[in-house]
Amino acid sequence: ARALQNEPVAVVIESEDDYHAITGKASEVSAFRDDIAYIRRRLPTVLAQLRRSPTVVVSNAGRWPGILEVASYLRDHPRPGCYVRALPVNVPTKFIETHREAIETALMALPESGYDPSQQSFALRCGFREEPPAVRGRFLCPVARQACGFPASDVVLRVEDWAQLQMPSSLRVVICENRTNFLALPPLPWVLALWGEGGAAAGLLPRLPWLQ
């Protein structure tokens, strides 16, 4: 005769509510359903795109009225050409920057918005005016600073302004993508350190003719 096993072979959860209670997801599921119902009423066109990215709905629970207000405005006023915080929508000042992923996901379903996924930055993809990129410089040598005509050793200039400068050929340049490294560099003769965050070396500094 076969002996009975004392190990479970199956677990049966009798209802969806029981499953949510066991997993601790009841409130998350409720919020998800409320958000989907709101999206279906307010801007149903984006639902097909959101089905491909349901985690975007979950991670922005309760904030879809603001997200869809921004998306609707950009649909009706494509590529507005203003700075992000100047968009005339009823959302908090930093709302658009902190909800970029959700806004872009919605815009992917709104071709009339002019959304361009091929662009490198959020502002360019959505048609906002982009803040001029800046590069910070530190002269690690006072003689070099004086020779270049700078009144201070630590300066921040737009890339366009750096590009217009006439720098001596004897100047050496250290490019940093990490701010801590940039600030920790010791005094070095005839050295200028440049820092422009992550995109500096790849996108900004090649625009400075004197670096060639």
Side-chain angles (χ1 to χ4, degrees), residues 8-134 177-180 195-200 202-204:
V9 295
V11 174
V12 177
I13 301 173
E14 295 183 345
S15 71
E16 185 177 341
D17 289 341
D18 288 343
Y19 176 76
H20 295 157
I22 292 169
T23 58
K25 296 290 185 178
S27 60
E28 184 176 298
V29 170
S30 177
F32 179 82
R33 287 173 170 165
D34 290 344
D35 286 331
I36 291 296
Y38 177 83
I39 294 166
R40 183 174 286 112
R41 293 193 306 271
R42 179 70 173 80
L43 198 61
T45 311
V46 307
L47 281 175
Q49 183 66 39
L50 290 173
R51 286 193 183 98
R52 302 187 184 98
S53 307
T55 56
V56 174
V57 180
V58 175
S59 60
N60 291 278
R63 297 185 288 276
W64 284 94
I67 292 166
L68 295 189
E69 180 173 350
V70 174
S72 297
Y73 185 91
L74 293 175
R75 176 199 61 188
D76 299 335
H77 305 85
R79 307 195 69 78
C82 62
Y83 288 118
V84 170
R85 296 190 186 185
L87 199 70
V89 289
N90 187 29
V91 297
T93 305
K94 299 180 181 179
F95 184 90
I96 296 178
E97 291 103 320
T98 55
H99 296 83
R100 290 181 300 180
E101 181 185 13
I103 291 169
E104 291 195 73
T105 302
L107 291 177
M108 289 178 189
L110 302 171
E112 58 270 41
S113 69
Y115 178 76
D116 185 355
S118 68
Q119 297 295 328
Q120 290 187 344
S121 69
F122 171 75
L124 293 178
R125 288 192 295 271
C126 298
F128 290 113
R129 185 177 179 183
E130 195 165 41
E131 182 178 354
E177 300 230 355
N178 179 281
R179 185 171 62 174
T180 299
W195 173 72
E197 301 187 79
L204 303 181

Notebook entry, point to check: Would I36 and W64 count as a side-chain contact (heavy atoms from CB on, under 4.5 Å) if you check the C-alpha gap in whole Å, the side-chain angles of each, and the deciding distance to 0.1 Å?
Noted result: CA-CA 9 Å; I36 291 296; W64 284 94; over 6 Å; no
Note to self: For a quick check under 3.5 Å, do E131 and Y83 share a side-chain donor-acceptor pair by atom type?
What the structure shows: no
Item checked: N90, CG: over 12 other non-hydrogen atoms inside 6.0 angstrom -> no
Check: Near R179 CZ, under 6.0 Å, is it more than 12 heavy atoms from other residues, nucleotides or ligands?
Finding: no
Check: Would you say T98's side chain and F95's backbone share a donor-acceptor pair under 3.5 angstrom?
Finding: yes
Margin query: For a side-chain contact (heavy atoms from CB on, under 4.5 Å) check, start with the C-alpha distance between R42 and S72, then their side-chain angles and the critical distance, and finish with the verdict.
Written below: CA-CA 9 Å; R42 179 70 173 80; S72 297; 3.2 Å; yes
Notebook entry, point to check: If you count the non-hydrogen atoms of other residues, nucleotides and ligands that lie under 6.0 Å from OH in Y19, is the total more than 12?
Noted result: no
Next item on the list: In sequence, state the C-alpha distance, the side-chain angles, and the governing distance for V91 and H99, and then conclude on side-chain contact (heavy atoms from CB on, under 4.5 Å).
Entry: CA-CA 11 Å; V91 297; H99 296 83; over 6 Å; no
Note to self: Would K25 and E28 count as a salt bridge (charged side-chain N to carboxylate O under 4.0 Å, His left out) here? Give the steps.
What the structure shows: CA-CA 5 Å; K25 296 290 185 178; E28 184 176 298; 3.5 Å; yes
Notebook entry, point to check: With side chains defined as the heavy atoms from C-beta onward, is the minimum distance between N178 and W195 less than 4.5 Å?
Noted result: no
Margin query: If we ignore hydrogens and angles and just use 3.5 Å, is the side chain of R100 paired with the main-chain N or O of E97 as donor and acceptor?
Written below: yes
Checklist line | Smallest separation among heavy atoms of P88 and Y73, with atom names | finding: CG-OH, 3.2 Å
Margin query: Let's go through L110 and L74 carefully: what are the C-alpha distance in whole Å and the side-chain angles of both, what is the deciding distance for side-chain contact (heavy atoms from CB on, under 4.5 Å) to 0.1 Å, and is it a yes or a no?
Written below: CA-CA 9 Å; L110 302 171; L74 293 175; over 6 Å; no
Item checked: Check: D116 and R79 side chains under 4.5 Å, non-hydrogen atoms -> yes
Notebook entry, point to check: With no hydrogens and no angle check, do the side chains of R52 and T105 hold a donor and an acceptor under 3.5 Å apart?
Noted result: no
Note to self: So which atom in L87 and which in P80 form the shortest heavy-atom distance, rounded to 0.1 Å?
What the structure shows: CD1-CG, 3.8 Å
Note to self: Any heavy-atom pair between the side chains of Y38 and L68 that's under 4.5 Å?
What the structure shows: yes
